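On a predicted model such as this, the values are computed, not experimentally measured, just so you know.
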Amino acid sequence: MSDQPDAAAAVSVSDGPGPGPVGPFEPPYYTVVFSSLRTPGDNDYGATAERMEERVRAVPGFLGLDSARSPGGLGITVGYFRDEEAITAWRGDPEHRAARVRGRAEWYEDYVVHVAKVERSYGSG
């Protein structure tokens, strides 16, 4: 991550073959968009985020993710899932449930989740 206050965003994390976004995937599929504003300090956030990424990759129907965070703490993570059953499985994962509780208590000043069905998907790659 950049320590420069005028930097637009942190380095993106994705499942693609190199730097840049994942996908496109064959529609229909679903996205879960998690936008958040972090609290100061790590408080074990980094290790938990790595563990959550490891856990979500094991969910049948998980397609990939893109994530970026601004130096000011605004983060956006987009998870891509084949179907609603995959999203339900991820939401029910016991470690993910515990991380959500901890996130509300320690890591996020504010957050919002959007779930959407993707009907069209294309890209330059």
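Remark: F25 pairs with Y29, Y80 by the ring pair (Phe, Tyr, Trp, His ring centres under 6.0 Å) rule, at least two apart or across chains. Residues passing the salt bridge (Lys or Arg N to Asp or Glu O under 4.0 Å) test with D93, sequence neighbours excluded: R55. Remark: E84 pairs with Y30 by the side-chain hydrogen bond (donor to acceptor under 3.5 Å, both in side chains) rule, at least two apart or across chains. Shown here are the side-chain hydrogen bond (donor to acceptor under 3.5 Å, both in side chains) partners of R97, two or more places apart in sequence or in another chain: there are none. In terms of the side chain to side chain contact (heavy atoms under 4.5 Å, CB included) criterion, residue partners of L74 (sequence neighbours excluded) are, by chain and number, S70. Evaluation of the side chain to side chain contact (heavy atoms under 4.5 Å, CB included) rule for A49 yields Y45 as partners, not counting sequence neighbours. Partners of V115 under the side chain to side chain contact (heavy atoms under 4.5 Å, CB included) rule, at least two apart in sequence or in another chain, are V32, I87, V113. In this view, E54 and R51 satisfy the salt bridge (Lys or Arg N to Asp or Glu O under 4.0 Å) rule, not counting sequence neighbours. Scanning for side-chain hydrogen bond (donor to acceptor under 3.5 Å, both in side chains) contacts around S36 gives R69, with sequence neighbours left out. Remark: E50 pairs with no residue by the side-chain hydrogen bond (donor to acceptor under 3.5 Å, both in side chains) rule, at least two apart or across chains.
Here L63 contributes atom CG and F81 contributes atom CZ; the two are 8.5 Å apart, rounded to the nearest 0.5 Å. One finds the CD atom of E109 at 6.5 Å from the OG1 atom of T39 (value rounded to the nearest 0.5 Å).
What you find for S67 and T77 is that their closest heavy atoms are OG-OG1, 2.8 Å. The two residues P27 and V118 make their nearest non-hydrogen contact at CB-O, 3.7 Å. Closest of all the heavy-atom pairs between G123 and P24 is N-CG, 3.9 Å. For the residue pair G79 and L65, the shortest heavy atom distance occurs at CA-CB, 4.3 Å. What you find for L37 and G72 is that their closest heavy atoms are CD1-O, 3.9 Å.
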Going by atom type alone, with no hydrogens or angles, which donor-acceptor pairs under 3.5 Å involve a side-chain atom of residues 98-107 and a protein atom two or more places apart or on another chain?
| unit_1 | atom_1 | unit_2 | atom_2 | d |
| --- | --- | --- | --- | --- |
| R100 | NH1 | R91 | O | 2.8 |
| R100 | NH1 | H96 | ND1 | 3.2 |
| R102 | NE | E106 | OE1 | 3.3 |
| R102 | NE | E106 | OE2 | 2.9 |
| R102 | NH1 | D44 | OD2 | 3.2 |
| R102 | NH2 | N43 | O | 3.0 |
| R102 | NH2 | E106 | OE1 | 3.4 |
| W107 | NE1 | N43 | O | 3.0 |

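Under the 4.5 Å side-chain criterion, counting only non-hydrogen atoms from C-beta, E119 is not in contact with P28.
Using modelled atom types, one side-chain atom of D66 and one backbone atom of V22 make a donor-acceptor pair closer than 3.5 Å.
The aromatic rings of F34 and Y111 sit tilted relative to each other, their planes meeting at an angle between 30° and 60°.
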